[in-house]
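Written below as structure tokens is the structure these notes are about.
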Amino acid sequence: MSKSEARGVAVRRLAELRMEPYESLRDRWLDKPDCEEIAAASGTVYQVEIEAFWDGPKALNGNLRVWVSAGSWLMPPTESFIIAPDGSFIGE
């Protein structure tokens with residue numbers, strides 16, 4: 001298992017999630033973390049965890065942080081973004 005390859009898997013999955021609308025991300029991932037298995041170019045299969053949670057005050061239509069980690073359970077590479085209800089990305 002390569003930490004840099006695992007990070008690449010997380011980055012690619014996060015890029016796919018960035019294409020989804022706010023409502024879809026909220027409804028699918030908020031308080032419903034899930035794991036997927038994704039094969040890297042080398043053929044190594046990585047466990048990828050995806051989760052979304054409120055970034056700031058809990059609200060029906062607040063900013064949502066989407067978080068993806070891949071690889072080892074001990075210090076896995078993690079990537080995230082924050083999306084506002086209007087679909088804009090915060091901090092970018």
Side-chain angles (χ1 to χ4, degrees):
M1 179 182 305
S2 161
K3 195 167 191 168
S4 64
E5 186 176 60
R7 180 169 303 285
V9 167
V11 166
R12 282 188 296 282
R13 185 61 177 109
L14 195 71
E16 294 170 359
L17 292 168
R18 288 176 68 99
M19 303 302 291
E20 294 186 27
Y22 172 91
E23 293 80 9
S24 174
L25 294 167
R26 182 194 60 209
D27 295 348
R28 170 63 180 99
W29 300 107
L30 181 64
D31 297 328
K32 300 177 219 167
D34 201 4
C35 291
E36 303 173 347
E37 289 187 343
I38 298 176
S42 70
T44 301
V45 176
Y46 290 89
Q47 182 172 328
V48 177
E49 183 177 346
I50 303 167
E51 184 173 2
F53 49 91
W54 297 119
D55 189 71
K58 189 175 182 178
L60 179 59
N61 288 311
N63 294 339
L64 192 65
R65 181 179 296 267
V66 179
W67 177 84
V68 175
S69 67
S72 168
W73 63 272
L74 183 64
M75 304 279 294
T78 302
E79 300 290 331
S80 68
F81 63 81
I82 303 170
I83 187 170
D86 66 4
S88 63
F89 294 98
I90 307 299
E92 297 180 3

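One is the number of the first residue; the rest follow in order along the sequence. Just the heavy atoms: all of them, side chains too, but no hydrogens, waters or symmetry mates, feed the values below.
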Checklist outcome for this item: Taking every heavy atom of Asp34 against every heavy atom of Arg28, the minimum-distance pair comes out as OD2-NH2, 3.1 Å
Next on the checklist: Can you confirm whether Ile90 sits close enough to Asp55 that some side-chain heavy atom of one is under 4.5 Å from a side-chain heavy atom of the other?
Outcome noted: no
Checklist entry - Any chain of hydrophobic side-chain contacts (each under 4.5 Å) joining Val68 to Leu30? => result yes
Checklist entry - So if you build clusters from Ile, Leu, Val, Met, Phe, Trp, Tyr with side-chain heavy-atom gaps below 4.5 Å, do Trp67 and Val48 land together? => result no
Checklist entry - Between Pro85 and Glu23, what is the shortest heavy-atom contact and its length? => result O-OE2, 4.3 Å
Item to check | Separation between CZ of Arg26 and CD of Glu20, rounded to the nearest 0.5 Å | outcome: 13.0 Å
Item to check | Spatial distance of atom CD1 (Ile82) from atom CD (Glu92) [nearest 0.5 Å] | outcome: 8.5 Å
Checklist entry - Hey, is Glu16 close enough to Arg13 for a salt bridge, meaning N to O under 4.0 Å? => result yes
Next on the checklist: Check for me, please, whether Val45 and Val11 land in the same ILVMFWY cluster - side-chain distances under 4.5 Å, paths through other members count.
Outcome noted: no
Item to check | Non-hydrogen side-chain atoms of Leu64 and Trp54 separated by less than 4.5 Å | outcome: yes
Checklist entry - In this structure, are over 12 heavy atoms from other groups packed under 6.0 Å from Glu5 atom CD? => result yes
Checklist entry - In Å and rounded to the nearest 0.5 Å, what is the CD1 to OG distance from Ile83 to Ser80? => result 12.5 Å
Next on the checklist: Is there a path of hydrophobic side-chain contacts, each under 4.5 Å between heavy atoms, that joins Phe53 and Ile50?
Outcome noted: no
Checklist outcome for this item: Rounded to the nearest 0.5 Å, the OH atom of Tyr46 sits from the CD atom of Glu37 at a distance of 13.0 Å
Checklist entry - Do the side chain of Lys3 and the main chain of Gly71 share a donor and acceptor less than 3.5 angstrom apart? => result no
Item to check | Val9 to Ala70 - nearest heavy-atom pair and separation | outcome: CG1-CB, 4.3 Å
Checklist entry - Can you name the nearest heavy-atom pair linking Ile38 to Glu36, along with the distance? => result CD1-OE1, 3.8 Å
